Structures are given as C-alpha cells and as structure tokens.
Trainee: 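Have a look at this one.
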Amino acid sequence: MTPDLIIVGAGPAGVSAAIEGRARGLAVLLLDENGAPGGRIWQALEARGAKDADDTAALRTLGEFRASGADARWRASVWAIDPDGTVFWSDDRTTHSARGGFVLLATGTTERPLAIPGWTLPGVMTVGAAQIALKTSGLVPSGACWIAGQGPLLMLYAVQALRAGGRLAGILDLSDRGAVLPALRHLPGALPAFADLRKGLAWRWEIARAGVKWIRASDLRAEGDGALSRIRFRAGGQDRSEPADLLLLHDGVMPSVQITRALGCAHEWDEAQRCWKPVTDAWGVTSNPRLLVAGDGAGVGGALAAACAGRLAALGAASALGRIDAASRDTAAEPLRAARARYLASRPFLDALYAPRAPSLDDNTMVCRCEEVTAGQIRQAAKIGALGLNQLKAFTRCGMGPCQGRMCGATAAEVMADARGVPLEQIEPYRTRFPTRPLTLGELAALDVGT
Amino acid sequence: MFTRPDNGSLTLTFEGRTIAAREGDSVAAALLANGIQVTRQTPVSGASRGPFCMMGACFECLAVVDGRASVQTCMTAVRDGMRVERQNGARGLGTGA
Amino acid sequence: MTYDVAVIGGGMVGTAIAYGCAARGARTALVDQGDLSLRAARANAGLIYSQGKGEGMPAYAAWTRHSISLWPTFAEAMASVSGRDIGFRQRGVLAFCLGEEELETRRALLHRMHNQIGGPASPVHLVDRRELEAMLPDVRLGERVAGATYSPEDCDVNALPLLRALYTGFLAAGGVHLPERTVGRITTDGGGFAIVSDRDTVHADKVVVACGLGIPTLAPMVGLHAPVHPVRGQMIVTERLAPMLPIPGSGVRQIREGVVQIGTTMEEGESVPATSVADLARMASRAAAVIPALSAARIVRGWAGIRPMTPDGFPIYQQSPSHPGAYVAVCHSGVTLCAAHAGPLAEAILAGRLPDNVADLHPDRFDVHTA
C-alpha cells in the first residue's frame, strides 16, 4: 500500500487535510485511535447530533470527509514511523504498515498536567477526561464534584455539563489574578475574534446563574483513603475543606510531540504557551521533509485554525507531489491563511490570561504517576548532577513508565528548572523513542521477516 | 461521581458483578457510569488507581479484560458479555495473550 | 585551583574512575557534557558478565574476572554510599541457545576459550533443556530452546542506580562535578594539564580521557592513541511483570522492578540513538522464541544508545609516553569493569603507573606489523 498522504488523527486538522488532499487527487490513508472521526473537539458528534451552529458546521465537515474517498482505519494505534515515511500501527492485536509519500501528524494535544498532592487518587481526573465521558457516554457529574484549574476548556466543560443536567459543587479558579492586566494588552489584537471572547463571558455568566460557586483558590490538595473523599484549599485567606468524590483538574493543553521527538525533528520553545512545539514551515513541513504537522499539535490555536492548517498541509503535499502547480496552490491557500489568522487573533490574549503558572510543589507531591517519583526526588537528582529530563530519568526512573513521560514531562521540567535556577526552556525534555504506544511483544515480533 | 439517566442495555461483569453499559461506551466510561473508580493497583507501591485522562495517554485505567491484562479500558469499546477485572500489582504472563 | 586529577567524561567509565580517585582522597574534577550527550551508561543491560568474553585476548578475560571478583564488595560500598539497593545479584547468567546449531557454536567457543586461558577453568558450563527447565521453574521455554550456557559466578546489577550511586559517592568524597562543558583542547600547563572547554579551563596534575566517542579527538593532543567508533545498541523494555525469570539471560533479563529487558543489537557505525522497527522486531521475535509467554507482555519503551567500540572490541588503557600523567580508558563493558575501574585502575592512576594486568590492553596492539 503506497498512499500519497498518510494522516494520523481524525480531528479537525486531519479530516480537513483528508478532504483537501482527496480534492487534489491524492490517495489518502487516515489512521485514528477512535472508532469515528472528530478527534477530541468533535468527538462522537455524528452520534450525538448537532446542538448549535458550530456543531452543524462541524458535522458538515465530517460529512465531506466521509464522502471524500479517503481510506480511513479506525481503532488504529500508530506506534512507529520510520524516517522514510513508513507508518506502523496496530488494530486489535494485528500490526500493519504502509509507506506514504508524506505523513501528516494531526495528533492534537494532551492536557498540561496539574500536579497537586493527592492527584493520583481514583476520583481525581482531568476536565478533558470528563468531557470525553460526556461526549461519548452522556456521563454528567453529580454530587460532590469540583472543578479546579484554569483555561477556556474548564469553563466550556462546566457549561456543557450543566446543560446536560450535571451538578457541580463548585469551581476553584487557580489562575493568576496578576495575569489579567498583562493580558489586557493583547485585547485589541483579539477583536477580530470578538465572538470567541463574548462566548467566554457568556459561559462565565451561565455558570454563575446556575448557582455554581466560583472560588479563587490556591494550595489545593486531594485526600482520601484509596479514593478521593475530600479536598482542601486556601481561599479568602482561610484554609477550607470540602467533601468531594470527583475532582476535575485542568491547566490548558500542550502539543503532543511524542512522535516528532522520536523522529528527531527540530522543536522550538513557545514562551507564551510554555511548551515545546515542532518547527514547521507555512505548509506544516517539519525538519524531516516527509513529515508534516498540522493543527494544535504544531501550536495550540483551536479547531477552526486547525482545520485551515490541515488544508494548507494537504495543498503543500499535493504541490510537492506534482498534482497541482505552485500558483494554484498559492491561490487556494490565500483565503485559508486569512481565515486562520482571524481564528488565531484571540490566542495572545487567551495565552496571557491563562498563562500556566510555575507549580510550587511540596517535596511529597507525586510528579511521575507511573513510576511514583515525587518532586523531592527530582530535586535530589538535580542536586547530584542531573541537568535535564534524560539524566533525571536515569537517576530516578521518572518518565520510564507506560505513559512515556506524557503525564510528568512538563511538571518534572518545571521542578528541575526551579531546583537548578535556570529558565524552563533550558531543561532538555525527554528523548522519546518508538514504539510510542505500548504494543505487545508478539505484535512486534510478527513484523520480523526472519533472516 | 458521574451519572446518566439511562445506563443502557448491554451487560458486562466487573469483578464478577453484573453492570449495565451503553453501546458506544468505552469500558472505562461504563465503569464510571456504575460508580467504579478503581481499576488497578500499581505494581510500584500497590496504590489504587483509576481512569484519569480517558484519551489513552496516562495508562492509569489498565485492567484485565476478557482475560487479557494491561488493557487500556478508556480506549476499548464495550461488548455485551465482557468480563472486566481489576489488575492488581505486576501482572503475570500466565493468563491470556 | 589545580586538581590532582581531572576525568573527562561522565559516563560509566569516567564516573567510576573519578569516584575511585575521589574516594582515595585525591582532589578530583569530573568534566562532563550535558543532558543529551551519548551515554552508553544509559543504554546498558547491567550484566556483570565474563561468559565468552576475551577470545584472542587472555588479558581481557582475566581483567574481567578480576573485576567480577571485586564486585560483591564494591556493590556493598555503592549501596551504602547511595543509601539504596542497586540491584546487585550474584546468581549467574544464562546465554540461551535456539537450536542445536547455536548450542554447538557456543560449546565450541567455550572450548576454545578454556584451552586459551589454561589454569583454573573458566566457570561456564552447558546446560541442556531439561536442566534449564529445572533452573527456571516458572517459565515455559519455547520449543526451539536447545539449552544454554551458564556462568554461575556472573552477576547483574541495575545500571542506572549504579550510575547514580557513583555520582553520589563521588560528590560525597569531595569530588567536583563540572557538567555542561565540551572539552575542545587539552594542553600541558607547567607540570600538569589545562583542560579547555567551551566554558572555562580546568587545571589538573593528571588527566584521564574517558569520554567514549569523544576520545579520538582529544587523546592525540596529549600523545594518547585510542581508536574508537560508534556502535548502536537497541533494547526493548516491557511493562512490570510478576517475577518469573530468577536468572538473568543474555538478551532476556528481568530486573528487580519487574520489567523485562530484551536485546541488544550491535550496529556498527550507527551514531543516531534512534530505534528501528526492523531491529526491534527481530529482538522481539527471538525473545518470544525463548519464552513464548512474553508475546503477551506490553512494550513500554524502546531504547537506543551509542556505545564506543575499539577495533578488536577489547578495552584500551594507556598512559601517554610523551605526556606522563595523561591517561586514556575506554571499553565496551563499563558495568562489568566498573569495580576494576573504581578500584585498581583508579589506584594505579593515582600511583602513576597502570597495573601490569592491563599491559596487553595497550593501544600499541593496533600498530600494523608486517612480517
């Protein structure tokens, strides 16, 4: 099988790239871990049906994708990509591979870990996790459910949960009040995305109207014996304690760079979003000319900006493969670039308003959930000479578990930077390697052709 | 905890107990819908863990599904009659493949 | 200030020597690169292993066995200095053989080595399939397993806690760690040496060049000669499994944490520490042929490390004839030889004369002699 374009991920960027690629005559293979297109933001939308105008537009895009003739494989878990463009994946214990002219990663983001004491207790989850449970299974929070952290997704989920009949005990706003003033500087630039900003204010109002407590808080801890039963936090100058059986944490999202890291692509530090992202050109091409990245995986910008980036990447690939000439590529790209710029207009304001705060973790707080490595152990490793996350890993096993550092990398770097007194971007992140998903030894052995 | 008005007509067992699930649920979502938060105990300290990210990234929701260990329940669709058990500590290789 | 000794290279070899010098009271500096430098120390299976090592070089076989004899005491010192278990076990090591042919090849190698060394027989013997089954009661072996060779005196250790213990011990003994430095030049400086890096210059009476693949650039500056080239080694690491493999095997080993390490490859000339699916698949296939139940285990990590290799695969130790006080040390088996490096080698460097039993490991052996 030799498709022109292999797309990993069927979110807005991936399906848009597939639509554009097919329209330009490319043979497209799309791989996604889920059972249907949509990614996170449009997850299970075909099953749920449209509830507003945004959903209707998204469903139209998904419909175009379904009709595009792209070869889509669901429940396909990509675990390696060779530098020559060969993609390896597994579905239900069977391994497959295909070599593409270009490989487009549209793998989106993961939530930035918000490590607090007790965050490994069952009953503590992420806001993104609860939103997936809502979209795919109609699960709503009830009883002693608290949401804590910051960011647009936190508010959006609260609104979605309330509209679906959920009940929330309260929202703990852990954002930095000091961030509001610097953020206002970016407000005029955000005006082209005025509708987005107005939506944010409306959410906040809707939450207040539902009678959900909104508490500015700090020093949050989760407690319980084997599962969450109580949260403690500081608010209004007082220590408070509340019963809780569900705590949903959120601190924004970061590009998933597992695959681009494993391929040795160049990455750059994004100071505004405090994360690494792959270096890409105007068509999404990384430092590996066969590998493209589009959407939030190349820097967080939201669904509509991601859809534009997916189309741009497909245009670039079609042109490089000689299916369209440069002039028609550029003509088609122009409105996409303009739209993308409009969608991204509110980003600097949002990034500044919800700037991730450097965590101040006490020594006992777990950072690496898999190997159970605490902030104190990371500080100790720094003391005996660990400079970055790779030496840290060698000294403590931090990041060596099944999640391969996805849940601890950002926090471990923060703790390390603080312990060493150096800027965060000077902390070398984990060097990841394939397989980036945990296939079984038998699945891997099945690829041995023998000698 | 989570709740929903209709828990569906599929049935699976968790630790031998019969629970209901809806078509389209992941195993993890079905467990949460039934108030089950703990799917495993870690092989490091024995601490209890359960679903955390629901998107296949954190590996906290591992469980034994139909005799197969270390299954990511958040990435596995429910099927009628599925047997789910907690995965306690380091798994052996004796059962299932 | 002027150090007594500056060791260049913070990998397994350099750190062991630096620890050994500092522990003996020498003012020692360890000059090291950054987080991402190619550290073979971080891509190591942790076997302390004499089996089959040193064909054609009796001195290497003897030096290896000497180090193994020092290991139990050294391991205690490492555990005590770091306050944690470094996973040292003396429970022998198996080399599994798939098919009669592999067993025969292995038998022939051991026979040749036995005759080569003479004296007390190298403690390695063949075990047939039935004996192997008795040694590994919780494992069902694959049908192609014909047997194994077993070296009861060999040991294993967890390489990463070992590296950490060396650092901890080095610092506790007053050693000075100077990381984030790439050394560009070594020059003589009065009676000693100036080690010039991109950050500063370190002065020392003695210098040990132990920076693996960095050696060919630096060694000639002080009259040393140590040809090394990169060899890539890949490994597979499984999830934590319940204990099943009580004796480590070459290529399949369960460490204390429960994970099974599978591998490794030896890829000549590869200098990028990335995994390749074809190589991983080959290793997985062999491991599954040895222990079929491993097929169900989940892989949590692939590893790739770049190791320094000498032309004949044996270590190189030399004191510079033109610049006395400058030494080079490089080997492919930094864990096995760690006890010897931290012990007799460090002691000899401080005394100013390399031990007699490494005389044959001098780089002069690479000089071309035509008859």
Side-chain angles (χ1 to χ4, degrees), chain A residues 33-36 40 43-44 47 75 77 93 108 110-111 113 119-126 128-134 136-145 164-167 225-228 245-246 249 256 258 366 369-373 397 401-404 406-407 437-438 440 442, chain B residues 1-8 10 20-62 68-79 86-87 91 93 96-97:
Chain A
E33 283 187 325
N34 297 283
R40 294 299 156 213
Q43 186 156 26
R75 305 257 168 230
S77 171
R93 303 181 225 184
T110 49
E111 288 178 271
W119 72 310
T120 55
L121 286 168
V124 182
M125 298 175 70
T126 70
Q131 194 187 40
I132 291 167
L134 174 63
T136 60
S137 295
L139 291 179
V140 294
S142 70
C145 172
R167 291 203 317 274
D225 181 15
L228 176 72
D245 59 23
L246 186 60
L249 301 172
S256 303
Q258 219 76 8
M366 202 77 84
R369 302 172 61 101
C370 298
E371 291 292 328
E372 304 188 28
V373 180
R397 298 186 64 83
C403 94
Q404 299 184 330
R406 288 170 171 91
M407 291 294 123
R437 306 288 302 168
T440 64
Chain B
M1 297 284 174
F2 288 106
T3 183
R4 61 183 170 189
D6 169 20
N7 235 355
L10 303 183
R22 245 164 56 171
E23 193 76 49
D25 281 350
S26 65
V27 174
L31 298 181
L32 291 172
N34 286 275
I36 297 160
Q37 290 180 318
V38 180
T39 56
R40 69 178 186 121
Q41 289 167 347
T42 71
V44 179
S45 69
S48 294
R49 296 283 172 88
F52 180 72
C53 79
M54 294 295 274
M55 56 177 278
C58 75
F59 297 84
E60 294 288 18
C61 66
L62 302 182
R68 224 173 137 222
S70 298
V71 171
Q72 285 184 282
T73 56
C74 73
M75 300 302 287
T76 304
V78 291
R79 279 195 312 273
R86 283 205 179 100
Q87 183 162 328
R91 63 173 288 201
L93 293 177

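Protein chains get the first letters and strands the later ones, always in sequence-line order, with residue 1 at the start of each. Bear in mind that the values here come from a model prediction, so they are computed numbers and not experimental data.
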Trainee: Roughly how far apart are A:C145 SG and B:M1 CE, rounded to 0.5 Å?
Mentor: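 Between A:C145 SG and B:M1 CE, I get 11.0 Å after rounding to 0.5 Å.
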Trainee: Give me the atom names and distance for the closest heavy-atom approach of A:M125 to B:P51.
Mentor: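 It is CG-O, 3.2 Å.
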Trainee: Rounded to the nearest 0.5 Å, what separation is found between the OG atom of B:S26 and the CD1 atom of A:I132?
Mentor: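 CD1 of A:I132 is found 9.0 Å from OG of B:S26.
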Trainee: Specify the closest pair of heavy atoms between B:Q37 and A:P122, including all atoms of both residues, with the distance to one decimal.
Mentor: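 Smallest heavy-atom distance, with atoms named: O-CB, 3.6 Å.
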Trainee: Rounded to the nearest 0.5 Å, what separation is found between the CD atom of A:E33 and the CE atom of B:M55?
Mentor: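 If I round to the nearest 0.5 Å, the distance is 8.5 Å.
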Trainee: Taking A:R75 for the side chain and B:A77 for the main chain, is one N or O donor matched with an acceptor at less than 3.5 Å?
Mentor: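 Side chain of A:R75 to backbone of B:A77, a donor-acceptor pair under 3.5 Å: no, none is there.
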Trainee: Checking heavy atoms, do the side chain of B:R49, its backbone, both or neither come under 4.5 Å from chain A?
Mentor: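 For B:R49, heavy atoms of backbone and side chain both lie under 4.5 Å from chain A.
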Trainee: Below 4.5 Å, heavy-atom pairs only: which of B:P5, B:A28, B:S45 has the largest tally toward chain A?
Mentor: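 The residue among B:P5, B:A28, B:S45 with the greatest pair count is B:S45.
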Trainee: Taking atom CZ as the centre, does A:R167 end up with more than 12 heavy-atom neighbours from other residues, nucleotides or ligands that are less than 6.0 angstrom away?
Mentor: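 Count not over threshold, so no.
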Trainee: Relative to chain B, which segment of A:A227 carries a heavy atom at a distance below 4.5 Å: side chain, backbone, both, or neither?
Mentor: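 Side chain only.
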Trainee: Between B:R22 and A:S137, what is the shortest heavy-atom contact and its length?
Mentor: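 Smallest interatomic distance, heavy atoms only, reads NH2-O, 3.2 Å.
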Trainee: Evaluate side chain to side chain contact (heavy atoms under 4.5 Å, CB included) for A:R437 paired with B:Q72, printing each intermediate quantity in order.
Mentor: CA-CA 11 Å; A:R437 306 288 302 168; B:Q72 285 184 282; 3.4 Å; yes
Trainee: CD/A:Q404 to CZ/B:F59 distance, rounded to the nearest 0.5 angstrom?
Mentor: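 Going from CD on A:Q404 over to CZ on B:F59, the span is 6.5 Å.
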Trainee: Mind checking whether A:E111 and B:C53 have side chains closer than 4.5 Å, heavy atoms only?
Mentor: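 No, every pair of side-chain atoms sits at 4.5 Å or beyond.
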Trainee: Check whether A:L139 gets within reach of chain B through its side chain, its backbone, both or neither, counting any heavy atom under 4.5 Å.
Mentor: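 Its backbone and side chain both get close to chain B.
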Trainee: When only pairs under 4.5 Å are counted, which of A:L121, A:T110, A:V124 shares the most heavy-atom pairs with chain B?
Mentor: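 Going by pairs under 4.5 Å, I would pick A:V124.
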Trainee: Side chain from CB out, backbone as N, CA, C, O: work out which of these in A:A44 comes under 4.5 Å of a heavy atom of chain B, or both, or neither.
Mentor: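 For A:A44, there is no contact with chain B at all, as no heavy atom is under 4.5 Å.
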Trainee: Enter the distance from B:F2:CZ to A:D245:CG here, rounded to the nearest 0.5 Å.
Mentor: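 Reported to 0.5 Å precision, the distance equals 10.0 Å.
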Trainee: So what's closer than 4.5 Å to chain A heavy atoms on B:E60: side chain, backbone, both or neither?
Mentor: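 For B:E60, the side chain is the part near chain A, not the backbone.
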Trainee: Tell me, side chain or backbone of A:R369 under 4.5 Å from chain B's heavy atoms, or both, or neither?
Mentor: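 Contact with chain B involves both backbone and side-chain atoms of A:R369.
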Trainee: Using a cut-off of under 4.5 Å on heavy-atom pairs, state which of A:C403, A:G128, A:G442 scores highest against chain B.
Mentor: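 Heavy-atom pairs under 4.5 Å are most numerous for A:C403.
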Trainee: Under 4.5 Å from any heavy atom of chain A, what part of B:E23 do you find: side chain, backbone, both or neither?
Mentor: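 It is neither, since no heavy atom gets under 4.5 Å.
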Trainee: Just verifying a value: how many Å separate B:F52 CZ and A:M407 CE, rounded to the nearest 0.5 Å?
Mentor: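 Output value for this atom pair is 6.5 Å.
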Trainee: I need the minimum non-hydrogen distance between A:C370 and B:V44, along with the two atoms involved.
Mentor: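 Looking at all heavy atoms of both residues, the closest pair is O-CG2, 3.4 Å.
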